[in-house]
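Owing to the predicted nature of the structure, the values given are computational and were not obtained by experimental measurement.
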Protein chains: 2
Amino acid sequence: MSDDSAGTSPRPTGLREAKKQETRQHISDQATRLFLAQGFDATTIAEIADAARVSKKTVTNYFARKEDLALDRQDAFVATLASAVAARRPGESALGALRRAFEGSLAAHDPVTGFTGAEFARMAAESPTLTHCVRGLHDRREEALAEALAEAGGAPGGDATARTVAGLLGAVHRVLFGRIQHLTLAGYAAWEIERLVAPEGARAFDLLEPSLGRLYVA
Amino acid sequence: MSDDSAGTSPRPTGLREAKKQETRQHISDQATRLFLAQGFDATTIAEIADAARVSKKTVTNYFARKEDLALDRQDAFVATLASAVAARRPGESALGALRRAFEGSLAAHDPVTGFTGAEFARMAAESPTLTHCVRGLHDRREEALAEALAEAGGAPGGDATARTVAGLLGAVHRVLFGRIQHLTLAGYAAWEIERLVAPEGARAFDLLEPSLGRLYVA
DNA sequence: GCTATTTTTACACTCGACGTAAATTTACGT
DNA sequence: ACGTAAATTTACGTCGAGTGTAAAAATAGC
């Protein structure tokens, strides 16, 4: 909840708020730099604090968990699938909307589809902690999608069906995400990956069409 | 390496091996008891060691991570889906085999399908650490399934298709697992859960039939 | 400038995880 | 049965993430 102009909550004055964001960004930048340079696990919070010239406590104050220092825009990532379904066109199924969303993100080389850059991909792949965290984000994304589907209606069976369909659609996006990350690690350029993955995505969405094409149609 | 009497593996003599298993089981039992009594996170390794009357190091020696003390038969769980596909009948699709496997496990109230008992379900739900770990097991299970599908053949598109289909089939089992866990937490008895979830499972597998029913047929 | 609030810091602490070398237990040849 | 070699267990130290607390510093509002 963010109140703007007129405050129910005491609206912290400009400079304080600005400095907070500045400090947060500075810490995040230093952390990212160190993570990419020497790996996630090999970088300690003390090092990050030292690089950012703040105390350890300030770091863990802004970022509750170490992983939060490496993963940016988590909420945006989590919301993508649910948003795509909520914004589907009249007559378009959830499957169709998520297909369009994937194709758009693929063409845009969007990080939420797996285009995270080779350095990040290497860092994530080398750290079990980070890998688990990314998996958690995929799960939250799937849950958000399930809620969006349940709210949208358009299929018999209620929440149970919504969760199942969200699992299926989430799985497709998750697998394609992993594929893009894998190809990134293998050294392919973004445009090459786009050309390689596009037909795989098409095949996957085609595959689901007979099962899901008539569900959750707006 | 000292090979003695017989054996490809150095076959440590009987008593030593027996005592090891005994100690391991004893530690696991004490850990389980404490976890169920006071929760996973609220139980320290030191307490477990104390209860089992061994040193902390012995505990972390047998169980590399704390979660391993709570999760039993991980490899068996991971293998279930891949095994079901490998053992599918002639003319049976992977979807059909996994449907049979689910129905059998559901009727048997098998832990691998989510019948873990109310105490365990509560413990797992209350501990983020444990929840993440269970998610990791689902992922390993999906990966094993993908390998089994790729090895089995029976679909165009090679590994990419295998991974996608494994994602879909894994998602169904995972969602149903979660549903059973949820109902367990809500206080339903196993036989009630069986009656509630059976039609949901049927609906989910029916849903996928038009898409996957003709793939990976033995 | 003064005061109240917020942010940052220093310090201490818990816990999981890892490493090492000594002490204990078990196995086996003689 | 005894002694030696091997494995197991233990005690001890270390590291790093994460938390709590109260003092110190910075900022807001008057």
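For Arg24(A) and Phe63(A), the positive end sits near the middle of the six-membered ring, less than 6.0 Å away and at most 45° from its axis.
For Glu103(B) and Arg99(B), the salt-bridge test passes: some basic side-chain N is under 4.0 Å from an acidic carboxylate O. Classification of Asp50(B) and Lys56(B) as a salt-bridged pair fails, no side-chain N sitting under 4.0 Å from a carboxylate O.
One finds the CZ atom of Arg174(A) at 9.0 Å from the CZ atom of Arg135(A) (value rounded to the nearest 0.5 Å). Expressed to the nearest 0.5 Å, how far OG of Ser28(A) lies from CZ of Phe35(A) amounts to 9.0 Å.
Nucleotide dT7(C) holds its C1' atom 14 Å from the CD atom of Glu22(A), rounded to whole Å. The nearest whole Å value for the distance from the CG atom in Leu69(A) to the C1' atom in dG18(D) is 13 Å. Between Glu47(A) atom CD and dG16(D) atom C1' the separation is 11 Å, expressed in whole Å.
Glu47(B) and Gln30(B) are not linked by any side-chain donor-acceptor pair at a separation below 3.5 angstrom, with hydrogens and angles left out of the test.
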Using a cut-off of 4.0 Å between protein heavy atoms and nucleotide atoms, how would you tag nucleotides 8-16 of chain C 5' to 3' with B, S and -? BBB----SS

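With axes fitted over five pairs at each extremity, the angle between the ends of the helix from dG1(C)-dC30(D) to dT30(C)-dA1(D) is 10° (10° resolution).
Just one residue in the list Tyr188(B), Trp191(B), Phe115(B) forms a ring pair (Phe, Tyr, Trp, His ring centres under 6.0 Å) with His109(B), and that residue is Phe115(B).
The two atoms that bring Phe40(B) and Ser127(B) nearest to each other are CD2-OG, 3.4 Å, heavy atoms only.
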